Amino acid sequence: MNTEPSVSVLFVCMGNICRSPTAHGVFRKLIEEEGLAGVIGVDSAGTHAYHVGNDPDRRAQATARSRGIDLSDLRARQARSEDFHAFDYVIAMDQENYLSLQGICPAGMEQRIYMFLDFAPDLGDREVPDPYYGGAQGFERVFDMVEAASLGLLQDIRRRYL
């Protein structure tokens, strides 16, 4: 019996301590609630190695916890070119990280890179803002955006793979 997920998603921001672990946690909970945890794999990474091995930002964890999501098991890691072989969706939080991912993407795999908010076109934004230098309300806004885009991403996965 194959125990590998049939489709896999990697969320990517700069340091992998705010936006991408939030997306990781939100999407993981969504697929668990939908009974798809064994079908869809999820991970997160950063384009830079600033925080490798660190927990998600305490404010990201507090915001997630207040909404019933635990990020405490996640640890920052850096995105690498091998990720394009392991993940069907490599999802950037903003244009800067999208360009960084293009820089490490193996030739012929560019179609795996996505902008996260393209899965939530009704929001009217293309980028999830980095809340790192702001206050708690920035983390709340990011969480709302991530929830909306996660629902759209799941719809896309269902349409294309399931």
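The shown structure was predicted, so the numbers you read here are calculated from the model rather than taken from an experiment. Scope of the values below: all heavy atoms of this structure, side chains included, with no hydrogens, waters or symmetry mates. Index from 1, following the sequence.
A donor-acceptor pair under 3.5 Å links the side-chain atoms of Glu110 to the main chain of Gly108, judged by distance alone. Looking only at distances, no side-chain donor or acceptor of Gln61 sits under 3.5 Å from a matching main-chain atom of Leu71. In this structure, Ser20 contributes its side chain and Ala45 its backbone to a donor-acceptor pair below 3.5 Å.
Alongside Tyr133, the hydrophobic cluster contains Ile17, Tyr132 (criterion: ILVMFWY side chains under 4.5 Å). Tyr50 belongs to a hydrophobic cluster whose other members, connected by ILVMFWY side-chain contacts under 4.5 Å either directly or through intermediates, are Met14.
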Next on the checklist: Apply side-chain contact (heavy atoms from CB on, under 4.5 Å) to residues Thr22 and Thr63 and explain how you reach the verdict.
Outcome noted: CA-CA 9 Å; Thr22 296; Thr63 302; over 6 Å; no

Next on the checklist: Ile104 vs Asp83, test: side-chain contact (heavy atoms from CB on, under 4.5 Å). Steps then yes/no.
Outcome noted: CA-CA 10 Å; Ile104 65 167; Asp83 288 328; 5.9 Å; no

Item to check | Phe84 and Leu10: CA distance, side-chain angles, deciding distance, side-chain contact (heavy atoms from CB on, under 4.5 Å) verdict | outcome: CA-CA 9 Å; Phe84 290 90; Leu10 178 67; over 6 Å; no

Checklist entry - Would Ser66 and Glu140 count as a side-chain contact (heavy atoms from CB on, under 4.5 Å) if you check the C-alpha gap in whole Å, the side-chain angles of each, and the deciding distance to 0.1 Å? => result CA-CA 10 Å; Ser66 75; Glu140 294 288 340; 4.3 Å; yes

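Under the salt bridge (charged side-chain N to carboxylate O under 4.0 Å, His left out) criterion, the residue pairs touching residues 142-155 are Arg67-Asp144, Arg67-Glu147, with sequence neighbours excluded. For residues 35-49, the side-chain hydrogen bond (donor to acceptor under 3.5 Å, both in side chains) pairs, not counting sequence neighbours, are Asn16-Ser44, His24-Ser44, Asp43-Arg77, Thr47-Asn97. Counting only residues at least two apart or on different chains, the salt bridge (charged side-chain N to carboxylate O under 4.0 Å, His left out) pairs with a member in residues 6-25 are Arg19-Asp94, Arg19-Asp130.
Using a 4.5 Å cut-off between side-chain heavy atoms of Ile, Leu, Val, Met, Phe, Trp and Tyr, with links allowed through other members, Val12 and Val42 fall into different hydrophobic clusters. Linking Ile, Leu, Val, Met, Phe, Trp and Tyr residues whenever their side-chain heavy atoms come within less than 4.5 Å places Val146 and Tyr89 in a single cluster. Hydrophobic clustering of Ile, Leu, Val, Met, Phe, Trp and Tyr side chains at less than 4.5 Å, counting indirect connections, keeps Met109 apart from Ile91. No continuous path of hydrophobic side-chain contacts links Leu36 to Phe87 [ILVMFWY only; heavy atoms under 4.5 Å]. Grouping the Ile, Leu, Val, Met, Phe, Trp and Tyr side chains by contacts below 4.5 angstrom, directly or via other members, places Leu99 apart from Tyr114.
In this structure, the side chains of Arg126 and Asp118 come closer than 4.5 Å at one or more pairs of heavy atoms. At a threshold of 4.5 Å between non-hydrogen side-chain atoms, the residues Leu74 and Arg28 count as touching. Two residues are said to be in side-chain contact when any heavy atoms from C-beta on lie closer than 4.5 Å; Arg112 and Cys105 fail this criterion.
Put simply, CE on Met115 and CD on Gln95 are 5.0 Å apart, with the number rounded to the nearest 0.5 Å. Between atom CZ of residue Phe143 and atom CZ of residue Arg141 there is a gap of 15.5 Å, rounded to the nearest 0.5 Å. Taking CZ of Phe119 as the reference point, atom CE of Met145 lies at 15.0 Å (rounded to 0.5 Å).
Here Arg58 pairs with nothing under the salt bridge (charged side-chain N to carboxylate O under 4.0 Å, His left out) rule; sequence neighbours left out. Partners of Asp122 according to the side chain to side chain donor-acceptor pair (under 3.5 Å) rule, which considers only residues two or more places apart in sequence or in another chain, do not exist here. Judged as a side chain to side chain donor-acceptor pair (under 3.5 Å), and not counting sequence neighbours, the contacts of Arg159 are Asp156. With sequence neighbours left out, the ring pair (Phe, Tyr, Trp, His ring centres under 6.0 Å) criterion links Tyr98 to no other residue. Every residue meeting the side chain to side chain donor-acceptor pair (under 3.5 Å) condition with Arg158, not counting sequence neighbours, appears here in chain and number order: Glu34. The ring pair (Phe, Tyr, Trp, His ring centres under 6.0 Å) check on Phe11 picks up Phe27, Phe116, with sequence neighbours excluded. For Ser6, there are no side chain to side chain donor-acceptor pair (under 3.5 Å) partners two or more places apart in sequence or in a different chain.
Of all heavy-atom pairs between Ala23 and Met93, the closest is CB-CE, 3.7 Å. Across every non-hydrogen atom of Pro106 and His85, the tightest pair is CG-NE2, 3.9 Å. Minimum heavy-atom separation, Gly41 to Pro5: N-CB, 3.4 Å. Contact detail for Pro129 and Val142: the closest heavy-atom pair is O-CG2, 3.2 Å. Looking at every heavy atom in both residues, Ala76 comes nearest to Gly15 through CB-O, 3.8 Å.
With respect to Arg65 and Asp70, no salt bridge is recorded, no charged nitrogen being found less than 4.0 Å from a carboxylate O.
Test Ile31, Asp88, Ile157 against Val9 for side-chain contact (heavy atoms from CB on, under 4.5 Å) and you get one pass: Ile157.
Counting heavy atoms of neighbouring residues, nucleotides and ligands inside a 6.0 Å radius, atom CD of Gln137 does not exceed 12 of them.
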